[in-house]
J.: 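Next up is a structure, given as structure tokens.
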Amino acid sequence: MIEARHLRVLRAVAATGSFSAAGRELGCTQPAVSQQMKALEASVGTPLLIRSGREMRLTQAGEALVRHAAGILSGLTAAEEEVAAIAGLRAGRVRLVSFPSGSSTLVPTALAALRAAHPGTRVSLEEAEPPKSVELLREGDCDIALAFRYERATGTGGAEQAGEGEWDDLVVRPLLTDRLVALVPERHRLARTGPSGSVAIGDLAAEPWIAGCPRCRGQLIRVCESAGFTPRIDFATDDYPAVVGLVGAGLGVAVLPQLAIESVRPRGARAVTLEPAVRREIVALTLPDLAQVPAVSATLEQLGRAAARVG
């Protein structure tokens, strides 16, 4: 019989490449890791690791078992949490992964409300941009992933989701639609447009650009190319305050989601409406098994309420 604790050890060994590193990650000793791996190999009846000096690699059977481990452990977590809720333990654990602007706007409101309603529920937070956050969810390393995907023009005046079908295996909780805005230095000629006006992205064709995360950077290039130019990207950073600071210093222009603007104070920079509108869909994702876990379901509900306040 394969035990869950042995699968967790196998995943750690596969990820770190050694018993000692796996022990540090799991908080146990190297001999304990070795002992559990021997027990797992005995239970499946075949070697799972090939040891050659300091090098260690998985056998074909080991690779197969690691491939199935994420789904098995995710299912076990879902079962444990649901059984605990049925037994009336009123406790839960949720591992949340979010992109930075979601962490600073949606997550604090949602978690404060969750703690008030369910003080026994513990939530951990890690930051990652999609698609990395979605990979963490599928690999069983988180329970909820906040993610986004951009609309793309259809050529008929409408829009469709650029990543249609990429989340078909997941439970998708739509949260809000976030519009992109242009960010220019406050002394820029287009900064005088005012809150009721707008600018076309083609008006910024000759400007130096500051780009964001890889997914945002790709979207920027697609939008600019659809307007007939390729942006000259002088700086690229995943840090939104850094983008705002560079624009405020007069080093270029940027396009940022409205949610990111709300999470920082744009000193020296001015946000202006961008036409045609470019939007991104923000969602909370989880696995079908985990969606039935009360603590996960409650967290999704509070994220939805927080998004409704922002929207």
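This structure is a prediction, so every number in the text was calculated from the model and none was measured.
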J.: Following the transitive rule for hydrophobic clusters with a side-chain heavy-atom cut-off under 4.5 Å over Ile, Leu, Val, Met, Phe, Trp and Tyr, establish whether Y150 and L170 coincide in one cluster.
T.: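 Y150 and L170: one cluster.
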J.: Can you list the steps and then say if L58 with L49 is a side chain to side chain contact (heavy atoms under 4.5 Å, CB included)?
T.: CA-CA 5 Å; L58 294 170; L49 296 168; 3.4 Å; yes
J.: A side-chain contact here means heavy atoms from C-beta on lying under 4.5 Å apart; do L300 and I144 qualify?
T.: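 Yes; the side chains approach each other to less than 4.5 Å.
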J.: Would you find a donor on one side and an acceptor on the other, under 3.5 Å apart, between the side chain of T77 and the backbone of L73?
T.: yes
J.: Are any non-hydrogen side-chain atoms of V181 and P257 less than 4.5 angstrom apart?
T.: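 A side-chain contact under 4.5 Å is absent here.
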J.: Check the pair E207, R189 against salt bridge (charged side-chain N to carboxylate O under 4.0 Å, His left out), reporting the backbone distance first and the verdict last.
T.: CA-CA 12 Å; E207 304 285 346; R189 56 187 172 82; 3.8 Å; yes
J.: Cluster question for you: counting only ILVMFWY and a side-chain heavy-atom cut-off of under 4.5 Å, with indirect links fine, are L290 and V94 together?
T.: yes
J.: Tell me yes or no: between the side chains of S103 and E127, is some donor less than 3.5 Å from an acceptor?
T.: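 The criterion, which ignores hydrogens and geometry beyond distance, is satisfied for E127 and S103.
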J.: Give a yes or no answer on whether the side chain of R217 reaches the backbone of G212 with a donor-acceptor pair at less than 3.5 Å.
T.: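 Yes; judged by distance alone, with no hydrogens or angles, the pair exists.
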J.: List the steps and the verdict of side chain to side chain contact (heavy atoms under 4.5 Å, CB included) for V223 and V255.
T.: CA-CA 10 Å; V223 170; V255 170; over 6 Å; no
J.: Determine whether L7 and I2 satisfy the following criterion, side chain to side chain contact (heavy atoms under 4.5 Å, CB included), listing intermediate values before the conclusion.
T.: CA-CA 8 Å; L7 287 179; I2 299 175; 3.7 Å; yes
J.: Quick check on R187: does its CZ atom have over 12 non-hydrogen neighbours (other residues, nucleotides or ligands) under 6.0 Å away?
T.: no
J.: With the threshold set at 4.0 Å, does a side-chain nitrogen-carboxylate oxygen contact exist between E275 and R179?
T.: yes
J.: Can you tell me how far the CG atom of L106 sits from the CD atom of E262, to the nearest 0.5 Å?
T.: 9.0 Å
J.: Could you measure the distance from the CD1 atom of I72 to the CG atom of L65? Nearest 0.5 Å is fine.
T.: 6.5 Å
J.: Any side-chain to backbone donor/acceptor pair from S74 onto A70? Under 3.5 Å, distance only.
T.: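 Such a contact is absent between S74 side chain and A70 backbone.
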J.: How many angstroms lie between atom CG of D143 and atom CZ of R95, to the nearest 0.5 angstrom?
T.: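 Reported value, rounded in 0.5 Å steps: 4.0 Å.
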J.: Run the numbers on R309 and T105 for side chain to side chain contact (heavy atoms under 4.5 Å, CB included), then give the verdict.
T.: CA-CA 10 Å; R309 295 189 188 99; T105 53; over 6 Å; no
J.: Working to the nearest 0.5 angstrom, can you tell me the gap between D289 CG and L287 CG?
T.: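 Interatomic distance, D289 CG to L287 CG, rounded to 0.5 Å: 7.5 Å.
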J.: Please say whether more than 12 non-hydrogen atoms of neighbouring residues, nucleotides or ligands are located less than 6.0 Å from CZ in R57.
T.: no
J.: Measuring from T230:OG1 to I221:CD1, what's the distance to the nearest 0.5 Å?
T.: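 If I round to the nearest 0.5 Å, the distance is 8.0 Å.
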J.: Assigning hydrophobic clusters by single linkage (Ile, Leu, Val, Met, Phe, Trp, Tyr; side-chain heavy-atom cutoff under 4.5 Å), is L256 placed with L190?
T.: no
J.: Could you tell me whether a side-chain N or O of R215 sits under 3.5 Å from a main-chain N or O of F148, the two making a donor and an acceptor?
T.: yes
J.: Any carboxylate oxygen within less than 4.0 angstrom of a Lys/Arg side-chain nitrogen, looking at E301 and R305?
T.: yes
J.: Test salt bridge (charged side-chain N to carboxylate O under 4.0 Å, His left out) on R11 and D141; report intermediate values, then the result.
T.: CA-CA 11 Å; R11 285 189 68 204; D141 292 323; 3.3 Å; yes
J.: Please output the side-chain donor-acceptor pairs of residues 27-40 that fall under 3.5 Å, not counting sequence neighbours, one pair per line with the distance.
T.:
unit_1: T29; atom_1: OG1; unit_2: A32; atom_2: N; d: 3.2

J.: Could you measure the distance from the CZ atom of R280 to the CZ atom of R149? Nearest 0.5 Å is fine.
T.: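 Output value for this atom pair is 13.5 Å.
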J.: So, using side-chain hydrogen bond (donor to acceptor under 3.5 Å, both in side chains) as the criterion, who are the partners of R5 when residues are at least two apart?
T.: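 Expected list: E3.
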J.: Any donor-acceptor pair under 3.5 Å linking the side chain of D178 with the backbone of L259?
T.: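 At least one qualifying donor-acceptor pair exists.
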